[in-house]
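Here is the structure we will look at.
Letters A, B, ... are given to chains in the order of the sequence lines, protein chains preceding strands, and every chain is numbered from 1.
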2 protein chains.
Amino acid sequence: MPVELSASQALNLWHGVSLEQVRIDNRDLTLRQISILLHIYLVPPPHTVRGLAGILGVTKPVITRALDTMGDLGLVSRMRDERDKRNVIIKRTVNGALYLEKLGDLIIDQGRKLSI
Amino acid sequence: MPVELSASQALNLWHGVSLEQVRIDNRDLTLRQISILLHIYLVPPPHTVRGLAGILGVTKPVITRALDTMGDLGLVSRMRDERDKRNVIIKRTVNGALYLEKLGDLIIDQGRKLSI
DNA sequence: CAGGGTCGTTACGGAACCGTTACGTGATTC
DNA sequence: GAATCACGTAACGGTTCCGTAACGACCCTG
């Protein structure tokens with residue numbers, strides 16, 4: 001069930017959500033961090049540093065740093081893979097789920113406000 | 001004509017767009033910068049530094065710096081207000097319009113890919 | 001069990017952003 | 001026309017991010 005948006009609707013939606021997100025969230029995640037967070041929560045696990053780096057087209061340290069930052073914020077956590085101890089498995093957290101739930105509500109609200 | 005999204009659709013839309021934007025755009029604008037850019041292009045002028053600062057809930061230097069950065073990228077430009085020379089009027093550019101046009105297309109594409 | 005390959009992290013110098021403060025210029029008020 | 005206010009910017013120290021490179025830990029093959 002695709003969602004058909006006009007150019008005006010698409011940009012107004014993005015505008016409304018970005019604006020509210022800037023106003024509400026003092027944490028100010030970067031676009032990369034948001035991408036990583038959404039990917040972890042929306043795509044079936046397991047998620048590794050290397051895998052995320054490949055998907056986003058960035059280097060591994062970028063992922064490590066983003067996980068450091070979001071880990072401090074309680075949005076994600078990390079565990080060693082016991083089967084292959086070189087790997088790190090990235091796990092979801094309650095806080096992260098709540099954060100994305102709010103973001104989802106925000107998008108839905110802004111979608112309802114659209115016109116034209 | 002509001003757009004009704006499910007929670008899953010909303011987050012998947014955001015996910016797809018963020019991911020593509022990270023992969024495509026080496027410039028990596030911050031969420032604040034994107035908000036400012038969208039606001040300038042979607043809301044009728046005139047736009048001033050003070051006005052934008054109030055709308056985004058940030059300090060004036062934040063706006064000045066964002067305009068510096070995006071000005072270097074050719075996405076916006078600035079002109080003195082001749083009627084009140086204390087003011088600076090923020091103007092749109094061809095490059096900025098193109099940038100947002102691509103962003104709009106990206107959002108529309110991702111909307112079409114949604115399911116459930 | 002030695003060697004090479006893979007994993008994530010750390011170290012490093014550089015760049016960009018932050019908030020606060022101070023400043024220069026222009027408008028306004030008395 | 002002097003004092004005051006408004007506007008945008010520059011300067012400051014601090015924080016965070018970047019990309020490259022090097023590192024330790026781990027797996028696997030011969």
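Of all the residues in residues 46-53 of chain B, B/Thr48, B/Val49, B/Arg50 reach under 4.0 Å from DNA chain D with at least one non-hydrogen atom.
Between the CD atom of A/Glu82 and the P atom of D/dC26 there is a distance of 11 Å, rounded to whole Å. At whole-Å resolution of the value, NZ in A/Lys85 and C1' in D/dG24 are 15 Å apart. As a whole-Å value, the separation of B/Ile63 CD1 from D/dA6 C1' is 17 Å.
A search for side-chain contact (heavy atoms from CB on, under 4.5 Å) contacts involving B/Pro45 returns B/His47, B/Arg92, not counting sequence neighbours. Scanning for side chain to side chain donor-acceptor pair (under 3.5 Å) contacts around A/Arg50 gives an empty result, with sequence neighbours left out. Taking B/Arg86 as the reference, B/Asp84 meet the salt bridge (Lys or Arg N to Asp or Glu O under 4.0 Å) condition, with sequence neighbours excluded. Every residue two or more places apart in sequence or in another chain that forms a ring pair (Phe, Tyr, Trp, His ring centres under 6.0 Å) with A/His15 is listed here: B/His39. The side chain to side chain donor-acceptor pair (under 3.5 Å) test applied to B/Glu101 returns no partner, not counting sequence neighbours. Not counting sequence neighbours, the partners of B/Asp109 by the salt bridge (Lys or Arg N to Asp or Glu O under 4.0 Å) test are B/Arg112.
Proximity of a side-chain donor or acceptor of A/Asn12 to a complementary backbone N or O of A/Ser8 within less than 3.5 Å is detected.
Read 5' to 3', the first and last nucleotides of DNA chain C with an atom closer than 4.0 Å to a heavy atom of chain A are C/dG5 to C/dT10.
Going from atom OG of B/Ser6 over to atom CG of B/Leu11 covers 9.0 Å, rounded to the nearest 0.5 Å. Interatomic distance, CG of B/Leu31 versus CG of A/Leu29, reported as 8.5 Å (0.5 Å rounding). The distance from the CD1 atom of B/Ile90 to the OG1 atom of B/Thr93 is 12.5 Å, given to the nearest 0.5 Å. To the nearest 0.5 angstrom, A/Asp81 atom CG is 9.5 Å from A/Thr48 atom OG1.
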Quick tally for nucleotides 12-23 of chain D: nucleotides whose base has a protein heavy atom under 4.0 Å get B, sugar-phosphate-only ones S, the rest -, giving -----SBBBB--

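Each ring-ring contact (aromatic ring centres under 6.0 Å, His included) pair with one or both residues in residues 56-108 of chain B, not counting sequence neighbours, would appear here, but there are none.
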Residues 51-77 of chain B, side-chain donor-acceptor partners within the protein, below 3.5 Å, at least two apart:
unit_1, atom_1, unit_2, atom_2, d
B/Asp68, OD1, B/Arg78, NH2, 2.3
B/Thr69, OG1, B/Arg65, O, 3.1

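Residue B/Thr64 places at least one side-chain N or O closer than 4.0 Å to OP1 or OP2 of D/dT9.
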N/O to N/O distances under 3.5 Å, protein versus nucleotides 28-30 of chain D:
none

